[in-house]
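Notes to accompany the following structure.
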Amino acid sequence: MLLSLMIFIPLLGMIAVLLLPRESEELIKRVTLLFTLIPLALAVFLFITYDRSTAGTQYVHGPVPWIDAFNIQYHIGIDGLSVTLLLLTALLGPICVIASWRNIEKGIKAYMALFLLLETGMLGFFAALDLFLFYVFFELTLLPMYFLIGIWGGPRREYAAIKFFLYTLFGSVLMLVAMIAVYLNSNIVNGVAEGLRTFDIPTLITLASTQGHALADSNFQMWVFVGFFIGFAVKVPIFPFHTWLPDAHVEAPTAISVILAGVLLKMGTYGLVRINMAMFPQGLDHFTNGIGFWGNSLALLGFINIVYGSFCALAQTDFKKLVAYSSIGHMGFVILGLAARNSEGITGAILQMFNHGVISAMLFLLVGVLYDRAHHREINGFGGLGTRMPVYTGITTLAFMASLGLPGLSGFVGEALSLIGAYGEFKWLTILSTIGIVVGAAYFLWTLQRVFLGNLNPKYEDLPEINGREILTLVPLAILTILLGVWPNLAIDMFRESVTNLTNLINGLAI
């Protein structure tokens, strides 16, 4: 029951918030913070007590019958990959509530209630072991995020929210069709229906590797792979499904940008690992193993993300849009590592998922600090802030260095392992992908120069330094950035066995 409590405590918090008087704004904030701190405590407990020596699913609850007519069950559990992303999600929850404490001035009750609903959806998504439940939690994040952007966002919030909703809905519809196809074929063996159909993910993974089963058919796997892939590619986002992201980030409140970059993007890559790679290994072959026309198209998409995202970031003058495009580039390294299909590449990709979640959260929080004071994000409009805000400058420099991949900080290890894994599979594409690292260093160092160095802009000679509440949101992330830079095994040990199991599965080896 521990995992179920962790998932649904924010939902109970939403109900509690809705029952409070609208005028009790401070009480609403405190209650919301409490109901995000409890999942964090449980996530830390799960992380500490998780058995790292096995690839099996732990803390399983279910399967419990839910919709009997279609054999849909409530079935949750965690492995090494999901426990790390649950920790990331639970950590960012209270951080975002604290970041919203003074920044959200209207509709606080509705904002906090929607945020708690969003957290339930994210936590449930990473723990679901039933494909129908997995889809429900995936969709549960869509509605609160739409309203959080559309009501509390910037001047073009309605446009950004609708664009986010339509893109995600497009991907979700294709994923739904693929999910139904998997369900309808889940009991077909050698052309004959046997037993009940199922949505159970561990069962489906086994069936998809069983000779003679309909789910093991190479052509079938290719088509359902595409359906699920597009749904997750929109979320990552992978080029050309990326155009909603900069608009959503620019218009979203700071805390929602943090959740968007820190968690929602990882839902896309997590789905690729959990569903596309594990459930459809022959479908994966069509896009990564040089079979037929497609060749290594997944690696090519990763390369495009890296280079395109990096050059777009270099061209930005809006601080927040620069960070948004940098996320597109950095998520390309995740795709490149997954496309390698080996333990080094997949380990690097999963580690980069976690590290990017931490670093991007720091960056968006830091952009929010500056925007709250100057009321604009134009990079060229600042200058010399290093002398006026030395603490803020120091923390920002740490986040920049981590994001550009400085050795000793967490951003380096994940990208390095992804490139090591990819180099043995597609040498020239990997070499060309390092362009993104060089361009990343260029846009971060150039931004550092324009915002913090040189003469102080007289308009900002009275700009206040970062305060205690803002530092409180950044310190845990900064500690993780340094800790995982010097001790990456703290995270890698959590999913090492799961990665070994996955690589054996997708490469047709005995498990």
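These figures come from a predicted structure and were not determined experimentally.
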Short side-chain to backbone donor-acceptor contact, [X] and [Y], under 3.5 Å:
| X | Y | value |
| --- | --- | --- |
| Ser403 | Phe400 | no |
| Arg156 | Glu251 | no |
| Arg157 | Gly154 | yes |
| Lys321 | Arg377 | no |
| Gln282 | Gln221 | no |
| Asp247 | Lys163 | no |
| Trp152 | Lys106 | yes |
| Lys266 | Val236 | no |
| Gln316 | Leu322 | no |

Gap separating the [atom1] atom of [X] from the [atom2] atom of [Y], nearest 0.5 angstrom:
| X | Y | atom1 | atom2 | answer |
| --- | --- | --- | --- | --- |
| Lys320 | Leu366 | NZ | CG | 12.5 Å |
| Leu385 | Thr396 | CG | OG1 | 9.5 Å |
| Lys29 | Ile108 | NZ | CD1 | 4.0 Å |

State yes or no: are the ring centers of Phe382 and His376 separated by less than 6.0 Å?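 So the answer is yes for these two rings.
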
Do the ring centers of His356 and Phe333 come within less than 6.0 Å of each other?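 Centroid separation for His356 and Phe333: 6.0 Å or greater.
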
Atom pairs and distances, side-chain donor-acceptor, residues 137-148, under 3.5 Å, sequence neighbours left out:
residue : atom : partner : partner atom : Å
Glu139  : OE2  : Ser172  : OG           : 2.5
Thr141  : OG1  : Phe138  : O            : 2.8

More than 12 heavy atoms of other groups within 6.0 Å of Trp223 CH2: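 No - once you tally the heavy atoms of other residues, nucleotides and ligands closer than 6.0 Å, there are 12 at most.
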
Please check if the number of heavy atoms outside Tyr135 that lie under 6.0 Å from its OH is greater than 12.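 Yes, OH of Tyr135 has more than 12 neighbouring heavy atoms, counting only those of other groups under 6.0 Å.
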
Could you note down all residue pairs passing ring pair (Phe, Tyr, Trp, His ring centres under 6.0 Å) where residues 301-322 supplies at least one of them, sequence neighbours left out?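 Checked against ring pair (Phe, Tyr, Trp, His ring centres under 6.0 Å) - neighbours excluded - the pairs reaching residues 301-322 are Phe239-Tyr308, His242-Tyr308.
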
Which residues satisfy the salt bridge (Lys or Arg N to Asp or Glu O under 4.0 Å) test with Arg450, sequence neighbours excluded?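 Salt bridge (Lys or Arg N to Asp or Glu O under 4.0 Å) check on Arg450 returns nothing, list empty.
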
With sequence neighbours excluded, tell me which residues meet salt bridge (Lys or Arg N to Asp or Glu O under 4.0 Å) with Glu425.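 Checked Glu425 against salt bridge (Lys or Arg N to Asp or Glu O under 4.0 Å); zero matches.
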
Do you know the tightest heavy-atom contact between [X] and [Y]?
| X | Y | result |
| --- | --- | --- |
| Ala374 | Leu463 | N-CD1, 4.4 Å |
| Thr254 | Leu365 | CG2-CA, 4.0 Å |
| Gly357 | Leu92 | O-CD1, 4.4 Å |

Quick one, Asn355 with Leu409, criterion side-chain contact (heavy atoms from CB on, under 4.5 Å). Give me CA distance, side-chain angles, the key distance, then yes/no. CA-CA 10 Å; Asn355 289 339; Leu409 299 174; over 6 Å; no

With sequence neighbours excluded, what pairs up with [X] under the side chain to side chain donor-acceptor pair (under 3.5 Å) test?
| X | answer |
| --- | --- |
| Asp372 | Asn103 |
| Gln449 | none |
| Arg102 | Glu26 |
| Thr317 | Glu378 |

Sequence neighbours excluded, every pair satisfying side chain to side chain donor-acceptor pair (under 3.5 Å) that has a member inside residues 269-279: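 For residues 269-279, and leaving out neighbouring residues, the side chain to side chain donor-acceptor pair (under 3.5 Å) pairs sorted by first residue read Asp79-Arg274, Tyr270-Arg274.
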
Kindly state each residue pair satisfying side chain to side chain donor-acceptor pair (under 3.5 Å) with at least one member in residues 340-353, sequence neighbours excluded.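 Sorted pair list: Asp285-Arg341, Thr288-Arg341, Arg341-Asn507.
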
Can you tell whether the side chains of Arg373 and Glu470 come within less than 4.0 Å, N to carboxylate O?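 Yes, this pair counts.
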
Kindly list each side-chain donor-acceptor pair under 3.5 angstrom involving residues 224-231, sequence neighbours excluded, with atom names and distances?
none

Just wondering, do Thr243 and Tyr167 contact through their side chains at under 4.5 Å, heavy atoms?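 Side chain of Tyr167 against side chain of Thr243, heavy atoms only: contact under 4.5 Å found.
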
Are any of the side-chain heavy atoms of Pro10 and Thr36 separated by less than 4.5 Å?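 Not touching, per the 4.5 Å side-chain cut-off.
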
Side chains of Thr168 and Lys235, donor plus acceptor under 3.5 Å: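 On atom types as modelled, these side chains do not qualify, holding no pair under 3.5 Å.
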
Just checking, is any N or O donor in the side chain of His330 or Ser360 under 3.5 Å from an acceptor N or O on the other one?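 Judged by distance alone, the side chains do not pair up.
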
Report all side-chain donor-acceptor pairs from residues 109-127 shorter than 3.5 Å, counting only partners two or more places apart or in another chain.
residue : atom : partner : partner atom : Å
Lys109  : NZ   : Leu18   : O            : 2.9
Lys109  : NZ   : Leu20   : O            : 2.7
Tyr111  : OH   : Ser100  : OG           : 2.8
Thr120  : OG1  : Ile7    : O            : 3.1
Thr120  : OG1  : Leu11   : N            : 3.1

Can Ser218 and His286 be said to form a side chain to side chain donor-acceptor pair (under 3.5 Å), step by step? CA-CA 9 Å; Ser218 178; His286 285 274; 2.9 Å; yes

